[in-house]
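Inspection log for the structure reproduced underneath, given as structure tokens.
Below, all heavy atoms of this structure are taken into account, side chains as well, without hydrogens, waters or symmetry copies. Numbered from 1 within each chain, the chains take letters A, B, ... in sequence-line order.
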Number of protein chains: 2
Amino acid sequence: MSHEHNHLQEALDTLKATGVRITPQRHAILEFLIQSMTHPTADDIYKALEGKFPNMSVATVYNNLRVFREVGLVKELTYGDASSRFDFVTTDHYHVICEECGKIVDFHYPGLDEVEQLASHVTGFKVSHHRMEVYGTCPECTSSKEVH
Amino acid sequence: MSHEHNHLQEALDTLKATGVRITPQRHAILEFLIQSMTHPTADDIYKALEGKFPNMSVATVYNNLRVFREVGLVKELTYGDASSRFDFVTTDHYHVICEECGKIVDFHYPGLDEVEQLASHVTGFKVSHHRMEVYGTCPECTSSKEVH
DNA sequence: TATTATATTATAATCTTTACAAATAGTGTA
DNA sequence: TACACTATTTGTAAAGATTATAATATAATA
């Protein structure tokens, strides 16, 4: 049984446990998110599935991404550009983003608990979580800039 | 000479040094950003200045915020909600955001250089910078939830 | 299989941000 | 100070992402 299949099954179980109906569209969106390594936008997902679901509405993609987010299956990433990107939640990881080509690469790092603790101490907030992204230039863009 | 005045003067010097013209609108936008503790949206700024500049266009606000960002005077913050927020750059700090009322509070923390280094090492990226935000509930919202 | 609430679809509407062209106003120089 | 040159502002339109709405279709359950 592959990792992808595991993730999908767990996600479906989560939906069932939360009383969220499992429709073909939801199944397909989840499947696509899990196997996708590219942190797609809502429109990416819409385009990727229009072969399988010629009649699917963009609203369906947005609706279901919101449902998945509320249930905790999916994280919404808001960077500077126009549209949000969506990431299936697996283990804790952060993102490095290439400022040239927009590529997003995962990297693992132990959770920044001490930052949360300091923030909580200084501001009096009850802290729930944090987000962090690192920005730079990916190896491909670096090398293509060196060639003249 | 107040801190605000200092910041404003430095900002104007930066503009002059970069060859960016200093217009009344730019002056006012900068002034508002510096004295504002609320990380305003472009529309907030537009509304705040429409008394002083009844004819100012929203486009002017956006144009100038982009100019300030390019010159490094202003940071654009993109959170989950619809519109970007703008922050006058002073010293390095991070933000805690209240998930109940949206309040944004600054806190200082030594730069997370080691995270950047690890990310660079693992992914091969040339890292330029990072962003981080902490989320939680502010003291006011916490106490108002406790009362029944 | 029948029922019922939930999900999907199609479309319109909203909201933020950008593009564009014409009018205006800074800035350096004579 | 007046001129000329160019950047900036303005007003409006357009683009793009996301949400709202109402009618239709469908998943879950007995």
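Defined by atom type and a distance below 3.5 Å, a donor-acceptor pair is missing between the side-chain atoms of B:E10 and B:N6. For the residue pair B:H39/B:D44, the side-chain donor-acceptor check at 3.5 Å is not satisfied. Side-chain contact check for B:S84 and B:R69: no donor-acceptor pair (N or O, by modelled atom type) lies under 3.5 Å. A donor atom on one side chain and an acceptor atom on the other are found under 3.5 Å apart for A:S128 and B:E99.
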In B/S/- notation (B base, S sugar-phosphate only, - none; protein heavy atoms under 4.0 Å), nucleotides 2-16 of chain D written 5' to 3' is ----BBSSBB-----

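With B:R26 as the partner, the side chain to side chain donor-acceptor pair (under 3.5 Å) test is satisfied by one option alone out of B:N64, B:T60, B:N63: B:N64.
Under a 4.0 Å N-O distance rule, the pair B:R66/B:E76 does not qualify as a salt bridge.
Between A:Y62 and D:dT18, a side-chain N or O to OP1/OP2 separation shorter than 4.0 Å is present.
With sequence neighbours left out, the side-chain hydrogen bond (donor to acceptor under 3.5 Å, both in side chains) criterion links B:E31 to no other residue.
Chain A approaches DNA chain C over the interval C:dA5 to C:dA10, counting the first and last nucleotide 5' to 3' with an atom under 4.0 Å from its heavy atoms.
In this structure, A:S84 reaches the sugar-phosphate backbone alone: every heavy-atom distance under 4.0 Å involves primed, P, OP1 or OP2 atoms, never a base.
Across all non-hydrogen atoms, the minimal contact from B:F125 to A:I97 is CE2-C, 3.7 Å.
Applying the Watson-Crick and G-U wobble criteria (two distances, each under 3.5 Å), D:dA30 pairs with C:dT1.
For the pair A:L77 CG and D:dA17 C1', the computed distance is 16 Å after rounding to whole Å.
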